[in-house]
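Each remark here refers to the structure printed beneath this line.
Here is the naming used below: chain letters follow the sequence lines, and residue numbers restart at 1 for every chain.
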2 protein chains.
Amino acid sequence: MSQIQDKKPAQGETGRSGNYQPVNLSLQAAGDSRGKRPKAYAQVAQSIRRQVLTGGLAKGERLPPERELADAFGVSRMVVREAIRALESDGLLQVRPGAGGGSFVTHDFDKPLGASINNLLAGGAITLDNLFELRLMLEAPAAAMAAVRGRRADIEDLARVVEQADDLADDSEALRAANLEFHRRLVALAGNPLLSSLCETVLAILVKSLQGRLNVELSRRVLEYHHHIVGALLERRAEDARRLTAQDLEQLHQRYNKMGIRVDVNPEAAAPAAGGREIS
Amino acid sequence: MSQIQDKKPAQGETGRSGNYQPVNLSLQAAGDSRGKRPKAYAQVAQSIRRQVLTGGLAKGERLPPERELADAFGVSRMVVREAIRALESDGLLQVRPGAGGGSFVTHDFDKPLGASINNLLAGGAITLDNLFELRLMLEAPAAAMAAVRGRRADIEDLARVVEQADDLADDSEALRAANLEFHRRLVALAGNPLLSSLCETVLAILVKSLQGRLNVELSRRVLEYHHHIVGALLERRAEDARRLTAQDLEQLHQRYNKMGIRVDVNPEAAAPAAGGREIS
DNA sequence: ATATATATAATGGTTAGACCAAAGGTTAGA
DNA sequence: TCTAACCTTTGGTCTAACCATTATATATAT
């Protein structure tokens, strides 16, 4: 009875238990093609992964409780938990304890993306300069693409973001946030979600290593560029948009280097920082 | 006794057990800063992650067996396993069963990177065109950078790769491999490991969706470009290198589209395909 | 002696059932 | 009506086995 199989639960009188979507459970072999014994947790993970990605389980929906999944898949609860742990790491699930809790479908792919880059940094495989360079390679062309593809209305929204930032001259934190929002939206205008994801991730890491060391003076200087960039976008001057964005980022990069900012090399990757409980 | 603590094992007469590096074990709280109870498996994962990334555990080294880790951390084996599962998903560990087996430190960060992008594709959040576009944005500038930064010797190596490919006119598979190798090395010349990682990942996904549908005619046509690119690199003509690479990739992209190739949208992410065991 | 088969031991993979802890819902009391 | 005590659901953890895989050593046959 080591064979893993799906005991599709009598899909009928579940009247009592669930408010979660009654899920289609089934297992396929997953693992190396080389006749290796497929590991149960890999199969379960694979099965759930498929359901999540093919829309069988919509974003935000809750999976059945671990115990029921274990029953349904015909495996022990631990196998299910290991599968969930892997999926959680992949950014496909988010788990919450307690009564209202459970495993919820999410699409947080930026998380593993960021974790990987963080790991590369922490492991010394890449430098902060590498990150800045990548950002430049992504955002400058993105600005050009935005000038070509961006919808008028969206560009005007972007313009408003910049204008609102003008009024925040005194609030350093808000100004910084507004500038970030600008870059986020600018990249979004390029219309390539993959590009957006990457930029978002890179930006998040860079921002983290800033940690409020960005002074108002620099922020306003940056804002200056943003005005020009918006102008270029509005007039569809792609090459200008590209160049201005590149200058904006290069200037920022130089500031970083002058300030001798080192990356926040906490090997946290996915996990945020310290909780409340002290440990021996 | 719910407190998690490190019972650092008497680091002495382990003469019998280990050929693995005697690891420094210790746990910190990990989790949300908001006084939430830190989950044991997250703490263990965090602790190991730190050791791996800060070099306390070198690449290729083996972790102590799960049972010993559990002892050392003062938790159950299950907690350790869940932690390992997450780290495996992060590309930090690779686990092998059996006698010679164990959990080995690896730095396979391309794996989660690729998994994320695969998930985005499978979930319909991005398209194959988005991928091609990103590749173009990365590789074309990379070629320009290579022309500037690439060491003479490395460029000459690259030239040899192209020349050797000339002799493979008949072997479609080998020719394809040689062309891939060209792009890989080209990007490496740019001297940005992060860029290399990304390109590697994107390329791998694109290649997978090709699956031998690339005919010899197209391969040779591509090879033509490679010759020109190498020429540009040797003479440090950065802009030419950029333009030629862009043309090379755009041509390939158009071919893809004409052939109506759809991405291999198997929600496999990290896990390769079917094993030998049938299920239910 | 060499090669092949077989036992041994180390280690991950899995099971079973129990109990703890968090968090939403319900109900009783003020 | 509001509050506080319970109750239930669900994830988190523990224990103690046993199964499966594989490298290594040992024995056996050639």
Side-chain angles (χ1 to χ4, degrees), chain A residues 1-5 7 14 16-20 27 29-32 34-45 62-71 73-88 93-104 275-277, chain B residues 1-5 7 14 16-20 27 29-32 34-45 62-71 73-88 93-104 275-277:
Chain A
M1 209 291 251
S2 167
Q3 217 68 327
I4 293 170
Q5 51 193 349
K7 307 178 186 169
T14 50
R16 159 215 138 272
S17 166
N19 58 342
Y20 49 81
L27 252 39
D32 233 280
R34 232 112 20 235
K36 301 225 295 209
R37 184 179 196 273
K39 291 164 198 173
Y41 65 77
Q43 298 181 58
V44 172
R62 195 186 64 164
L63 264 65
E66 294 175 353
R67 291 162 176 89
E68 287 186 31
L69 281 175
D71 265 10
F73 280 118
V75 297
S76 75
R77 199 181 149 204
M78 182 177 174
V79 165
V80 170
R81 281 181 62 82
E82 291 195 85
I84 288 178
R85 211 55 60 219
L87 294 171
E88 196 182 20
L93 294 181
Q94 186 202 331
V95 178
R96 289 198 298 268
S103 307
F104 296 85
R277 198 85 149 240
Chain B
M1 208 290 250
S2 165
Q3 216 67 327
I4 292 170
Q5 51 193 350
K7 307 178 185 169
T14 51
R16 159 215 138 274
S17 166
N19 59 341
Y20 49 82
L27 252 40
D32 234 279
R34 231 108 24 232
K36 300 225 295 207
R37 183 175 198 277
K39 291 162 198 175
Y41 65 79
Q43 298 180 58
V44 172
R62 196 186 64 165
L63 266 63
E66 295 176 352
R67 290 163 176 88
E68 286 186 33
L69 281 174
D71 265 10
F73 279 120
V75 299
S76 73
R77 201 182 146 203
M78 181 182 172
V79 166
V80 170
R81 282 181 62 82
E82 290 196 61
I84 289 178
R85 211 56 58 221
L87 294 171
E88 195 182 21
L93 295 181
Q94 187 202 330
V95 177
R96 289 198 298 268
S103 307
F104 296 84
R277 199 86 149 236

Separation between OG (S103(B)) and CG (L69(B)), nearest 0.5 Å, reads 7.0 Å
Re dT30(D): Watson-Crick or G-U wobble partner, both distances kept under 3.5 Å, found to be dA1(C)
In terms of heavy-atom contacts, V44(A) and A83(A) come closest through CG1-CB, 3.7 Å
Separation of atom NZ in K39(A) from atom C1' in dG12(C), rounded to whole Å: 8 Å
Rounded distance in Å - CG (L63(B)) to C1' (dA10(C)): 16 Å
Spacing between F104(B) atom CZ and dT22(D) atom P, to the nearest angstrom: 13 Å
Least distance between heavy atoms, A99(B) atom then R62(B) atom: O-NH1, 4.4 Å
By side-chain contact (heavy atoms from CB on, under 4.5 Å), R67(A) pairs with (sequence neighbours left out) R77(A)
Provide, to the nearest angstrom, the distance between the CZ atom belonging to R67(A) and the P atom belonging to dG11(D). 7 Å
How far does CZ of R81(A) sit from OG of S76(A), to the nearest 0.5 angstrom? 11.0 Å
Complement of dA30(C), any strand, by Watson-Crick or G-U distances under 3.5 angstrom: dT1(D)
Could you check which residues of residues 78-88 of chain A get a heavy atom under 4.0 Å from DNA chain D? Sort them by number, please. R81(A), R85(A)
Name all residues meeting the salt bridge (Lys or Arg N to Asp or Glu O under 4.0 Å) criterion together with E88(A); count only those two or more places apart in sequence or in a different chain, and write none if there are none. R85(A)
OP1 or OP2 of dT14(C) sitting under 4.0 Å from any side-chain N/O of Y41(A)? no
Per atom distances to the V75(B) side chain, the nearest of dG11(D), dC14(D), dG12(C) is dC14(D)
With the threshold set at under 4.0 Å for non-hydrogen atoms, list the residues of residues 93-101 of chain B touching DNA chain C in residue-number order. V95(B), R96(B), P97(B), G98(B), A99(B)
Just how far, in rounded Å, is P of dA16(C) from CZ of F73(A)? 16 Å
In whole Å, what is the span from the CD atom of E66(A) to the C1' atom of dG11(D)? 5 Å
Classify the side chain of R77(A) versus the base of dG17(C) as yes if they form a donor-acceptor pair under 3.5 Å and no if they do not. no
Just how far is it from atom NZ of K39(A) to atom CD of E82(A), taken to the nearest 0.5 Å? 10.5 Å
